[in-house]
Amino acid sequence: MNFQEILEKIKTKHEVLESKEDLGVLNAYIATAKIAAVAAFMKDELKFEQLNFITAVDFPANNAIEVVYHFFSYETADSVVLRIKLDRAKAEVPTISGVFKTADWHEREASEMFGIKFSGHPDLNRLLLPDGIESPLRKDYKNPDMTPLPKA
Amino acid sequence: MALLKELLYNSGKPLSEFSSWMHAIWAGWGMPGFLLDFIFQLVIVLAVTAVLVLNALWIIYYDRKISALMQIRKGPNRVGPFGLLQTLADTVKLLIKEDVNPKKIDILSFWIAPLIIFIPTFAVFLVLPFGNGLVPADLNIGILYIIAITGLSVIGILAAGWGSNNKYSLIGGMRSAAQIVSYEIPMVLVILAVVLMSGTMKMSGIVAAQSNRVWFVVPQFLGFIIFLIAGNAEVNRAPFDLPEAESELVAGFNTEYSAMKFAFFYLAEYTNLFLTSAVAATLFLGGWQGPFLPPIVWFFIKTYFVITILCWIRWTFPRIRVDQLMEFSWKYLLPLALLNLVVTAVILKF
Amino acid sequence: MIKYLFDLVKGIVSLFEGLGVTLKHCFRRPITLQYPEKRPDISLRFRGRLVMPVDPATGDNRCTACMLCVRACPNHSIDVEKLIGEDGKPKPKVSKYIYNLGSCMFCNLCVESCAFAAIIMSDEYETAVQNKASLIMDLAAEKYKLSGKKAPWWQSKFKQEEGA
Amino acid sequence: MIKAPFEMEKISDEEYILNMGPQHPSTHGVLRIVLKLDGEVVTGLYPDVGYIHSSVEKMCENKKFEMITPYTDRLDYLSAVNYNWAYVAAVEKLMGIQLPERAEYMRVMLAELNRIMSHLLWYSAFGMDVGALTPIFYAFREREEVIDMVEGMTGGRLTHHAFRIGGFKNDLQKDFLSRLEKFLAKFEDRICEYEALLINNVILTARTKGVGILDKDTAINYGVTGPVLRGSGCAIDLRKNAPYSVYSKFDFRVCTGKNGDTWDRLKVRMDEMRESAKILKQAAAMLPAGEFCAKVPRVIKPAPGEVYTKVESARGEFGVYMVSDGTEKPYRIKFRSPSFSNLSVLKEITIGSKIADVVAIMGSLDLVIPEIDR
């Protein structure tokens, strides 16, 4: 399937806000509240069984954090990226850990790294970071301990 | 020369002659006889202990060399010629190290555990016939004594596990207790079959019973195998090294032990290995009997043969799981040992 | 029942197979390398610590203090100070080449970036030192003499590799 | 690094908490597993990761593209070549660099040698986990040979920094192919020896068969990849399913297990070593002459865009998600590491088994902690 076909298929059931092609891979923007339903649709109907990863990209210029869901289908070897645009100040998105178990840890990681709240997540505890470090992967993160390496 | 030969080949007679000769002199000085007996026994105990400690050091070296041979490496070769002094150096290092007592330990059981393990291990050797008549104390119930005393070490392991105040130690101690208790039974049943065949519980008697007939390993082959397995389990060596399973329980019951106390455990472990092998050699391989060489040499050759087999097994097999360990003992070894006993009894009767 | 017995026999056979493997290895040559006395034969391209060897042709290092290696280093392990001549102007020569072994990750990017092959990853692999301060070293002052099989390779500016 | 949730819960009188790690002989790194135990039976489990989190992703945002390759070595120090590959392929895809044929084959050869290296280390470590102390010496004997070969090619023994963007820095060393041939000639027999010593041993099969059963659907649902997934009976291998580089030209089998238990995972890895040897033989025969590096601009500035490249590493699917904004440095890099997902399934397959099984199952998952923590 090329990206156009996949896009058409998603569009039959769910609304796609915006879409683009990036090196042959479909990037579809989904409404925030819809993500769990779309993920379930991807898994059950379109046979995208594998969720490769969930992460986020911070765009302070647009005041947006984009959550990226990367799917892969073992049958057709196609990839699809679903994206959600979030407000940087109020980043909250429903969890899809009920659909994909692998989302559990990936959401925890994205949550602590970007300060995104995944509402409905069963165990949104810290995964990798110790207490006291808040969303280090945001572009405006400043840590007083973070000094540049000494010049040799 | 003749005396030396006599001493080597038929140690009992010259020793008793020497003893009565000393008694005569002693009585001439007007001293009570029991005092001399006491001194004699003290000397014997010290001699046996010294021999065993040195022997344990040598076994450690031997084990390491065997493992090196199997693992295509060279093993200890730095301290002394061929690394012979390596284990001595290790022991000295352990003895002079700082003695660490962790917080919140049960100090009494923590301290007493190495001793409880160490002492019975050495006490057992009093009834082992090293050569013809070379028995420190030839008890009538020698084999019973061995079974009874070796059973004591489980208390030490439990005490170590409990006293360390460490969950790994506790699990290790518990595993060890369960393991020793369940493997003792098939072992005792096998020994019982041997006793049936020889008609005595005296260790020297069991050896003597094998002199005119074949060694018991032939009629009691199944028994010998069961004894090796159970004995291997009793000394907590791979594949039955669950109490100190490194990858699961860090070091099991000796997780918290260091320095001298650890050295005690270590020496006791290898002495136990020697003990099991020696008992196997005595019960099944004809003890000290053998042509040409002096009896004591034969005794050690046979013992080391068994040790080599146990080492070979240790360095080849993975560890067994705890429930399988119990299952193996109760479901396979025990019925087999019982069968062995019954068949032996029936054959002897008819 | 037959399957049970079959499995039992198979299990026992598998035990003896394992014993056979270890027994077979008893008669193979040990692979031990008695380390401090015998050294491993390390390859030509091995990346040990960074050195700035003295070129025997000129008796000095080849560095021109162009800072390419400083820019190529991923974790700022290299710092270069240019030689200031008597007239107060910087010369294309290095006065101090400071290398932090502690943060170096032996990626070879500095050597690859160098246009003059002034630096090379040596075959020194025993780089432990007593204190952290001695991890930071001045390579220009060290006047390292490259020897062994790396020397001709470096002489040819990494152009030609000898046989092996 | 948090307190495990069930620590706060009420624990019955029969149960207790055991901290396995962060320093424990069988967690293979700095991993803490909190176990709730009833005697020896595991009733609760909570993996606690992050002890060596080094924020590689943040670091990479401040590095130029060519500087990041050595960092990917350090994510998984056991199969560094494959990790290089995923990263380098991402940049190449963004820049549209076409590799010369020879470079592709060289990459395949190094990657397969690397897979053998990693599996051999796994084999020895697993032997240690289950209490067999001899396999490590046999496996390391072969591993040394492989490492020597890769060292001769790249210069590094563990963190090879093997690939550069666009190909290689050096050609294969002259004796590489002859050494490879010599090694492959005896490797098959050696694998049989390994299997006789450990994998087929009845004690081990009794310990691992029917233990830690991971069924197909759960595995896919948890995003498990690599030998663990194939052990569950899923014939999914990125080298076959989404062939990258020249993998489609080789004839090899995707090894799978039947029941998804621990033993299947072991067997899959042993078979995979054989398949890797097969690929190596073919690659050595097919290796074309020519250039080993493509023409790469001196300053690496990919076009703006996003890319996700994935390779089948020794542990599973390793992917690099890269966002470029057209500068010399990546805007965002995400490393999708296989052990991260593989560890998350541990709780699912361990509860109800014994402590010894936890160790065996963890060994069969073949975790490398730095790539989980990153």
Side-chain angles (χ1 to χ4, degrees), chain C residues 7-26 28-33 40-48 68 71-77 103-113 115 120-123 125 149-150 153 158-164, chain D residues 59-60 62-64 66-74 132-135 137-138 140-142 144-145 147-162 164 169-176 178-179 190 192-206 298 328:
Chain C
D7 282 352
L8 198 72
V9 171
K10 215 173 101 186
I12 291 168
V13 166
S14 80
L15 289 182
F16 279 99
E17 268 176 11
L19 288 172
V21 171
T22 40
L23 186 67
K24 204 160 66 186
H25 279 81
C26 287
R28 289 197 181 157
R29 210 158 42 81
I31 48 167
T32 311
L33 188 76
D41 178 37
I42 52 174
S43 57
L44 182 69
R45 295 173 191 166
F46 179 77
R47 305 196 300 262
L68 272 177
R71 263 174 250 141
C73 184
N75 41 21
H76 313 287
S77 303
S103 68
C104 175
M105 56 181 185
F106 307 100
C107 62
N108 214 26
L109 283 175
C110 49
V111 179
E112 283 163 22
S113 71
I120 180 174
M121 290 284 189
S122 72
D123 47 11
Y125 48 87
K149 59 177 160 187
K150 281 204 173 204
W153 187 44
F158 310 127
K159 290 290 181 324
Q160 42 187 259
E161 292 187 2
E162 297 288 309
Chain D
M59 265 199 271
C60 291
N62 298 315
K63 309 262 179 232
K64 288 182 216 158
E66 65 268 30
M67 287 178 179
I68 295 171
T69 328
Y71 281 94
T72 54
D73 282 341
R74 279 146 183 87
L133 301 174
T134 305
F137 293 95
Y138 299 172
F140 265 56
R141 172 187 55 191
E142 267 72 60
E144 277 301 300
E145 276 181 48
I147 289 184
D148 282 346
M149 259 186 275
V150 180
E151 183 208 329
M153 166 64 208
T154 63
R157 288 184 75 80
L158 202 62
T159 47
H160 312 293
H161 190 195
R164 307 291 192 276
K169 189 67 197 170
N170 295 311
D171 203 352
L172 289 174
Q173 77 267 33
K174 278 173 193 153
D175 60 347
F176 183 85
S178 59
R179 275 162 87 175
R190 294 288 158 89
C192 293
E193 257 175 26
Y194 301 154
E195 287 195 333
L197 181 61
L198 185 66
I199 305 295
N200 290 337
N201 189 306
V202 69
I203 299 176
L204 189 93
T205 46
R298 200 166 167 77
E328 283 189 338

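All values reported here derive from a predicted model rather than from experimental measurement. Letters A, B, ... are given to chains in the order of the sequence lines, protein chains preceding strands, and every chain is numbered from 1.
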C:S77 (side chain) donor-acceptor with C:C73 (main chain) under 3.5 angstrom: no

Sort out for me which of D:E144, D:R164, D:E195 touches chain C most, counting heavy-atom pairs under 4.5 Å. D:R164

Which bit of D:F176 comes within less than 4.5 Å of chain C, counting heavy atoms only: side chain, backbone, both or neither? neither

Under 4.5 Å to a heavy atom of chain D? For C:I42 that would be both

With a 4.5 Å cut-off on heavy-atom pairs, point out which of C:R28, C:E17, C:M121 contacts chain D the most. C:R28

Worked check of salt bridge (Lys or Arg N to Asp or Glu O under 4.0 Å) between C:K149 and C:D41: CA-CA 11 Å; C:K149 59 177 160 187; C:D41 178 37; 3.5 Å; yes

Is there a donor-acceptor pair under 3.5 Å between the side chain of C:S122 and the backbone N or O of C:G48? no

Under a 4.5 Å heavy-atom cut-off, does chain D meet the side chain of C:K24, its backbone, both or neither? side chain

Ignoring hydrogens and angles, tell me if any N or O in the side chain of D:D73 forms a donor-acceptor pair with the backbone of D:H161 under 3.5 Å. yes

Within the 3.5 Å criterion, strictly below it, is a donor on D:H160 or C:R47 matched to an acceptor on the partner's side chain? no

Of the listed D:K64, D:M59, D:M153, the one with the largest count of heavy-atom pairs under 4.5 Å with chain C is D:M153

Counting only heavy atoms from other residues, nucleotides and ligands, does the tally under 6.0 Å from NZ of D:K169 exceed 12? no

Proximity breakdown for D:E66 and chain C, heavy-atom pairs closer than 4.5 Å: backbone

